[in-house]
Each structure stands twice: as structure tokens, then as C-alpha cells.
Amino acid sequence: MDIKHLDYIIALADEHSLSIAARKLSVTQSAVSQHLSKLENELGASLFNRTNSEWTLTEEGRIYLEMAREIVRLEERAAAAISERAGSGSGTVRIGLTHGRGPDMFIQIYPAFHREFPQVRLEPLELSTIRMQEEIRKGGLDLGIMTLPDHLKTADTYIDLSEEEIYLCLPDSFPIPSSIDTGEPYPIFPIEVLKYEPFVLIYRESTWRWAIDQIMNKAKFLPDVLFETASCNTILALIQAGICAGFLPEYYVKRRPESIRAFRLPDSPHLKVTACHRRDFTMNSAEQHLIRLAGEYFRNALK
């Protein structure tokens, strides 16, 4: 079977619609339908449940889709490896970025990457760390630049780029207890003082929410959660508006945002900024250079 026809199955699974999948592939609906019918006859199993409104995968379809994605990605990586060996250095690198800091990094490192590998196309995608880990496992991403504690790393390969501390952040109008040494840039704050204050927290899908929950467990109180969000910039904005307290990774604190005060926490909880790729994939030169640039960016940002 022509390998490009695997794209028909992948597009149909992604779009859940025959018409949208055909439009995405620039082919007719009948071409997709005929290929699918032929394939299902060969396999002796239905890959999709068909309704007027939506096409969904059967259990057999999910098995086939996983293998189809694997074959397509392996073919792409083989072509990229041959291109690199031939000296042309073309291909595509799909890179996962966390919300907020990911685009900041990409903007800064892309010009340097493009100068070194002008024929390589970067496809950035903003995802949560958990989603990145899933896509890396499935072959949907080549690399992910993420933040997480060590115990949430999967069986794939991780290259630590930097390390950052988690800070408690308060509006600058918040009354600071007299016991705190305000002469230090980031004094330790007794978080139990905030037992009755509202908080904005990172959402539970975030891999560093675990660290926040541990902080609260040690303080022996459940926070009054006013708002949960996927965005550190939203947390920062709510604190700057004087609405609540919150926690931010060091990356945001070191940028010296206005109208907040940042404090260190007992036990100094830390997270790793790391690059992840599939354990069974060998990185090419472009991917290695991309990771070097990302590491330089975060090490400078966290100085």
C-alpha cells in the first residue's frame, strides 16, 4: 500500500468528518471513502463507526491509527536522516511548547536556529506537559520543552536544561508580617499566614500543580481557590490586580514584574526545565541544536 494513503486514515480520525478530512487532504470524499472501504475489506474489520454527524474510531481503528502514525513518523524521520547525511539538512521538527514561556523562548531562538538550519521547518505547538508526553509517545511530536518534577518523567529520554524554584507571589499592597526580613530580595514567607486569603492556582493538568498541592499539604490548610488557569500570565495578572495570592515559577519572577512581591517557600521546591524525546528515536543535528539553544535561553533567563 502507498504510504501516503495512511494520511487518509489519520486525517479522518483527527477530523471526525469525511468532508473535512477530504478537504484537508485536497482529495475527493469518494477517494477517502473508497480507500477506507478497500482497507477495511482487506483487514476484515471496521475501523470507523459512521454516523451522519461524526466518524469515530472503533477499537480496531484505534489500534490501526496508532500503527499508522508510527509508520508515517518513521518514514519522515528516515527521510530527514538521509537528507542530513546527504548534506541538505531539510525536514520538519515538531516541537511542543508550554503556554507562556514556550512562545517567549521560540521567538528568541528561532532566528539563530534558522541561520544554522535554513532548510529545516519548525512546527511549534502549545500544549500542556501531559499532552506533550502523550504526543511524544505516539510520535506526534519530535521534541517537547517542558517543566516538571523528576517523578513525573515518563520512560522516554529527558535532557535537563535548567532548574527553577517556585515562588509565592503577593500583591505589593499586601501587608507583610513584621517577622519577615524585607531586606532580603526574596525572604521566606510562612504560608500559613495566608490561610484565609484567596488564591489563583495553575490548573490540575499542569505537572507543577503537584508541587503546589505538596506546599499546601505541608502548610496544613486547603487554599480558598478563586480561580484555576492554564496560564502563568493569568496568575500574574490577577496578583498584579491585587485580587489574590498565587505561585509562579522562577522564570516569571526573575523578569521583575511590576506590582507584586515574591517570596521563597520553606524547603525551596524546584522544577526541572527539560527537553524530552522518544527513547527509541535518535536526535538529528537540527534537534540537538534546537535543544542547545533552548538550554542557553533558559539558563540566561533564570540567572
Side-chain angles (χ1 to χ4, degrees), residues 1-11 13-14 57 62-99 101-103 105-106 109-110 112-114 116-163 207 271-299:
M1 183 178 64
D2 188 342
I3 194 171
K4 71 181 180 64
H5 286 165
L6 293 175
D7 293 338
Y8 291 12
I9 307 302
I10 294 171
D14 288 344
L57 288 164
R62 281 189 285 272
I63 294 170
Y64 190 89
L65 177 66
E66 185 172 349
M67 294 300 102
R69 290 190 193 278
E70 181 82 1
I71 292 167
V72 169
R73 196 67 197 115
L74 286 171
E75 193 275 337
E76 290 174 348
R77 291 192 69 84
I82 292 169
S83 173
E84 181 176 13
R85 189 174 180 84
S88 60
S90 61
T92 299
V93 178
R94 298 183 179 95
I95 178 172
L97 306 172
T98 54
H99 303 280
R101 77 182 77 195
M105 177 207 70
F106 186 81
I109 72 172
Y110 180 76
F113 178 85
H114 185 65
E116 188 71 20
F117 293 92
Q119 302 303 316
V120 175
R121 175 177 174 173
L122 293 183
E123 288 188 1
L125 188 62
E126 284 187 84
L127 296 170
S128 70
T129 293
I130 291 173
R131 285 286 312 284
M132 272 192 261
Q133 289 173 318
E134 292 172 354
E135 290 300 319
I136 288 167
R137 178 186 60 80
K138 294 189 300 185
L141 287 177
D142 299 298
L143 297 173
I145 308 296
M146 56 188 71
T147 305
L148 75 171
D150 282 334
H151 79 280
L152 291 179
K153 292 178 177 178
T154 61
D156 288 307
T157 299
Y158 290 83
I159 302 167
D160 291 338
L161 306 178
S162 189
E163 189 174 52
T207 47
L271 301 167
K272 295 286 180 62
V273 181
T274 187
C276 178
H277 68 89
R278 267 180 57 160
R279 180 177 54 182
D280 55 347
F281 281 178
T282 301
M283 287 192 298
N284 59 37
S285 298
E287 291 163 348
Q288 292 172 9
H289 187 61
L290 188 59
I291 287 177
R292 282 195 294 272
L293 291 174
E296 290 171 5
Y297 173 83
F298 282 112
R299 286 189 292 273

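The chain is numbered in sequence order, starting from 1.
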message: If you define the side chain from C-beta out and look only at heavy atoms, does anything of Thr98 sit under 4.5 Å from Met132?
response: yes
query: Can you name the residues that form a side-chain hydrogen bond (donor to acceptor under 3.5 Å, both in side chains) with Arg131, not counting sequence neighbours?
result: none
More than 12 heavy atoms of other groups within 6.0 Å of Glu70 CD: yes
message: Less than 4.5 Å apart, side chain to side chain, heavy atoms only: is that true for His289 and Val93?
response: no
message: Applying side-chain hydrogen bond (donor to acceptor under 3.5 Å, both in side chains), can you list everything that pairs with Ser128, at least two apart in sequence or on another chain?
response: Glu205
task: Measure the CG-CD1 distance between Leu65 and Ile10 for me, rounded to the nearest 0.5 Å.
output: 6.5 Å
- prompt: Roughly how far, to the nearest 0.5 Å, is the CD1 atom of Ile136 from the CZ atom of Arg278?
  reply: 10.0 Å
With sequence neighbours excluded, residues passing salt bridge (Lys or Arg N to Asp or Glu O under 4.0 Å) with Arg62: Glu59
message: For a quick test of reading the model, state the closest non-hydrogen atom pair linking Phe113 to Ala286 and the distance between them.
response: CE1-O, 3.3 Å
Show every donor-acceptor pair shorter than 3.5 Å between a side-chain atom in residues 290-298 and any protein atom, with sequence neighbours excluded, or say none if there are none.
{"unit_1": "Tyr297", "atom_1": "OH", "unit_2": "Tyr251", "atom_2": "OH", "d": "2.6"}

message: Once rounded to the nearest 0.5 Å, what's the spacing between atom CG of Leu271 and atom OG1 of Thr129?
response: 9.5 Å
query: Does the side chain of Leu125 reach to within under 4.5 Å of the side chain of Arg94, using non-hydrogen atoms?
result: no
message: Suppose the criterion is salt bridge (Lys or Arg N to Asp or Glu O under 4.0 Å): which pairs have a residue in residues 149-160, not counting sequence neighbours?
response: Asp150-Lys153, Asp150-Lys272, Lys153-Asp160, Asp160-Lys272
- prompt: Any side-chain heavy-atom pair from His277 and Glu287 closer than 4.5 angstrom?
  reply: no
message: Check whether Gln288 reaches the backbone of Met283 with its side chain - one donor and one acceptor, N or O, closer than 3.5 Å.
response: yes
message: For Asp14, give me all partners under salt bridge (Lys or Arg N to Asp or Glu O under 4.0 Å), at least two apart in sequence or on another chain.
response: Arg69
task: Please round to the nearest 0.5 Å and tell me the distance separating atom CD of Gln133 and atom CG of Leu141.
output: 11.0 Å
- prompt: Going by heavy atoms in the side chains, are Ile145 and Leu161 under 4.5 Å from each other?
  reply: yes
- prompt: Just how far is it from atom CG of Leu122 to atom OG1 of Thr92, taken to the nearest 0.5 Å?
  reply: 9.0 Å
query: Does a side-chain N-to-carboxylate-O contact under 4.0 Å join Lys138 and Glu135?
result: yes
query: Is a side-chain donor or acceptor of Thr207 paired with a backbone partner of Pro149 at a separation under 3.5 angstrom?
result: no
